[in-house]
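Everything on this sheet refers to the single structure shown next.
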Protein chains: 2
Amino acid sequence: MKLPESLEWALHCTTALAQVPGETVSTAQLAEHFDLPTAYLSKQLALLVRAGVLSGTTGPRGGFRLARPTSEITVLDIVEAIDGAGNPYLCREIRQQGRGALPASQCRERCTIATTMDRAHQAWRDSLRSMTVADLIGDLPASIPERTRRLLSRG
Amino acid sequence: MKLPESLEWALHCTTALAQVPGETVSTAQLAEHFDLPTAYLSKQLALLVRAGVLSGTTGPRGGFRLARPTSEITVLDIVEAIDGAGNPYLCREIRQQGRGALPASQCRERCTIATTMDRAHQAWRDSLRSMTVADLIGDLPASIPERTRRLLSRG
DNA sequence: GGAAGTTTACTCGGATAGGTCATGTCCGAGTTGCATTGG
DNA sequence: CCAATGCAACTCGGACATGACCTATCCGAGTAAACTTCC
C-alpha cells in the first residue's frame with residue numbers, strides 16, 4: 001500500500017493557498033515554490049478543482065484559490081481528491097471460489113474479514129476528516145504565513 | 001492506494017488454517033481450496049512464516065499451521081506480513097525544497113501534515129490490531145469449520 | 001480619447017513514454033517421511 | 001524382524017515475464033486580461 005507522492009504536493013499546495021487568502025496563484029508559481037514538475041503538478045491541481053477543493057480561473061493573473069473556507073476543507077477531502085475514495089482492500093469473494101466454495105446462501109452477509117477491513121478504513125477516514133486546513137495552518141508561527149504571502153503574491 | 005490482492009488470500013488462508021487445529025495443510029491444498037495460483041500463493045505463505053504467523057514444515061505430510069493460538073494473531077499481523085509495516089504516506093519534506101524552502105531551524109519538529117497522516121495510519125493499525133483470528137472465526141456458524149475440516153484434512 | 005481587434009498569459013485536456021511494483025510462472029535446492037531392500 | 005538405503009512429496013528461494021499504475025513530458029485548444037491600433 002502506498003499513497004502517491006503527489007498527495008504531499010496537493011496537501012502542501014492547499015495549505016500554501018490557505019496562507020494567501022483572496023490571491024490567485026498559478027501552477028508555475030506553486031511548482032517553483034516547492035520545486036515540482038509543473039506539468040504533472042497541473043494534473044493534480046485539476047483533480048483538486050474537480051473535487052471542489054480549489055477553484056481555477058483562466059487567463060492572465062489567473063490561477064488557483066481555495067473554493068471554500070479553510071475550516072470547511074478537511075484533509076480527507078484532499079486525500080480522496082488525489083487518491084480516490086475507494087477502500088484499499090477489495091474483497092473479491094474468494095470464499096465463493098474453488099473446492100471450498102461456500103454456497104450463495106451462506107454468503108448473503110458480508111464476509112467478516114471484509115467488514116474488519118472496512119472498519120479500519122473508516123477509522124482512517126474519520127481521523128483524516130477530523131483535521132481541517134484551518135487546523136493545519138493554525139499551529140504555525142505567524143512568520144510563516146507572512147513569508148508565504150510575500151513569496152506567492154504577484155504585485 | 002491499494003492493498004495487494006494476495007492479502008485477501010493470506011487472510012482467508014489463515015482463517016482456514018485456524019479451522020483445522022493441529023493439522024498441517026499444504027500450499028497446493030490451500031490453492032485448490034480457494035482456486036488460487038499455487039506458485040504465487042506459496043510466496044505469500046512464506047511471508048506469513050517469516051512474520052511468525054504460520055510455521056511451515058517440509059517433507060511429505062508437511063505444510064503450514066498456525067504458529068500461535070488464534071487469539072494471539074491479530075489481523076494487523078497478517079496485513080503487515082503481506083504489505084509491510086510502513087506508513088503509506090511518505091513525507092519527503094518538500095517544505096525544505098524550492099523557492100519557498102523553509103530554513104532547517106524551522107523544521108526541527110515534524111511537519112503538521114505528516115503528523116496528521118501518521119495519526120490516521122495509527123488509527124487504522126489500532127482498528128486492525130483489535131481484531132484477532134479467533135474473533136474472525138468466532139462468529140461463524142458451527143457448520144462452516146466442520147466443513148472446512150472435512151475438506152482440508154488428509155486422511 | 002474610446003472602441004475594436006490583436007497579442008499575451010494562463011488553464012485545461014489528451015496523447016505518450018518510462019519506472020516501479022504487484023502478479024504470475026518456472027525451476028532447482030534442500031528437507032523429511034515413506035517404501036524398499038538387504039542382513 | 002530390523003536397519004540402511006533409495007524414492008517421493010513437499011517447502012523454500014531465486015530468476016524471469018507480464019501488466020497496471022504512478023510519474024513525467026509535450027502539445028494543442030480554449031479563455032480572459034492587457035495591449036495595440038484605428039477612427
Side-chain angles (χ1 to χ4, degrees), chain A residues 1-10 13 17 23-32 34-65 67 79 81-84 86 88-90 92 94 152 154-155, chain B residues 1-10 13 17 23-32 34-65 67 79-84 86 88-90 92 94 97 152 154-155:
Chain A
M1 188 167 47
K2 200 168 66 85
L3 283 163
E5 185 180 344
S6 56
L7 173 59
E8 186 182 4
W9 310 354
C13 284
L17 287 172
E23 293 265 349
T24 158
V25 183
S26 72
T27 305
Q29 280 181 293
L30 289 169
E32 194 190 4
F34 291 115
D35 188 26
L36 304 175
T38 309
Y40 189 43
L41 174 62
S42 168
K43 277 188 159 12
Q44 313 306 321
L45 296 175
L47 288 176
L48 291 171
V49 170
R50 189 192 182 95
V53 173
L54 303 185
S55 75
T57 57
T58 59
R61 324 265 315 166
F64 296 94
R65 75 190 67 186
V79 170
I82 300 297
D83 192 54
Y89 179 81
L90 193 61
R92 298 178 202 237
I94 68 171
L152 284 184
R154 38 192 173 184
Chain B
M1 187 167 48
K2 200 170 64 85
L3 283 163
E5 185 179 345
S6 55
L7 173 60
E8 185 181 5
W9 310 353
C13 284
L17 287 172
E23 293 266 350
T24 159
V25 184
S26 72
T27 305
Q29 279 182 295
L30 288 169
E32 193 189 5
F34 291 116
D35 189 26
L36 304 175
T38 310
Y40 189 42
L41 175 62
S42 169
K43 278 188 158 12
Q44 314 304 323
L45 296 175
L47 289 176
L48 291 172
V49 171
R50 189 193 184 97
V53 173
L54 303 185
S55 75
T57 57
T58 58
R61 323 263 319 164
F64 297 94
R65 75 190 66 187
V79 171
E80 296 198 330
I82 300 298
D83 192 54
Y89 179 81
L90 193 61
R92 298 179 203 237
I94 68 171
Q97 293 175 4
L152 285 183
R154 38 192 172 182

Measure the distance from CG on A:L45 to P on C:dG13 and round it to the nearest whole Å.
13 Å
Separation of A:Q29 atom CD from C:dC10 atom C1', in whole Å?
11 Å
Check whether any side-chain heavy atom of A:F64 sits under 4.5 Å from a side-chain heavy atom of A:T27, and report yes or no.
yes
Can you identify which nucleotide, out of D:dT25, D:dT23, C:dA9, has its nearest atom closest to the A:P37 side chain?
D:dT25
Answer with base, sugar-phosphate or nothing: what part of the nucleic acid does B:A39 contact at a heavy-atom distance below 4.0 Å?
base
Starting the side chain at C-beta, find the nucleotide from D:dT31, D:dA8, D:dT23 nearest to A:Y40.
D:dT23
In terms of the nearest nucleotide of DNA chain D, which residue is placed more toward the 5' end: A:P60 or A:L7?
A:L7
What integer distance in Å separates A:L36:CG from D:dA24:P?
9 Å
Distance, rounded to the nearest Å, where B:R61 contributes CZ and D:dA8 contributes P:
18 Å
Whole-Å distance, A:M1 CE to D:dC21 P, equals 17 Å
From C:dT23, C:dC10, C:dC12, pick the nucleotide closest to the side chain of A:S42?
C:dC12
List the atom of B:A31, the atom of B:T38, and the distance in Å for their closest heavy-atom pair.
CB-OG1, 3.6 Å
Could you check which of D:dG14, D:dA24, C:dT11 has an atom nearest any side-chain atom of B:K43?
D:dG14
Rounding to an integer number of Å, can you tell me how far B:L3 CG sits from C:dC21 P?
16 Å
Range-with-range stems of DNA chain C (Watson-Crick or G-U pairs under 3.5 Å, three or more in a row)
C:1-39 with D:1-39
Options C:dC10, D:dA24, C:dG24, nucleotide nearest the side-chain atoms of A:W9
D:dA24
Out of D:dA24, D:dA9, D:dC12, which has the shortest distance to the side chain of B:V49?
D:dC12
What heavy-atom pair brings A:I82 and A:Q44 nearest, and what distance separates the two atoms?
CD1-O, 3.8 Å
For A:T24 versus A:R61, what's the shortest heavy-atom pair and its separation?
CG2-O, 3.3 Å
Rounded off to whole Å, could you give me the CG-to-P distance for the B:L47 and D:dC12 pair?
11 Å
C:dC10, OP1 or OP2 - any side-chain N/O from A:T57 closer than 4.0 Å?
no
Smallest separation among heavy atoms of B:V49 and B:G56, with atom names
CG2-N, 4.1 Å
Could you tell me whether the phosphate oxygens of D:dC10, OP1 or OP2, come under 4.0 Å of any side-chain nitrogen or oxygen in B:T58?
no
Do the side-chain N or O atoms of A:S6 get closer than 4.0 angstrom to the phosphate oxygens (OP1, OP2) of D:dT23?
yes
Taking for B:G59 and for B:E5 the nucleotide of DNA chain C with the nearest heavy atom, the one nearer the 5' end belongs to B:E5
Nearest atoms (heavy-atom pairs only) where A:M1 meets B:D83
N-OD1, 2.6 Å
On DNA chain C, more 5' by nearest nucleotide between A:G56 and B:T38 is A:G56
Spacing of A:Q44 atom CD relative to D:dT25 atom P, expressed in whole Å
13 Å
Gap separating the OG atom of B:S6 from the OH atom of B:Y40, nearest 0.5 angstrom:
4.5 Å
Do you know the tightest heavy-atom contact between B:A67 and B:G52?
CB-O, 3.4 Å
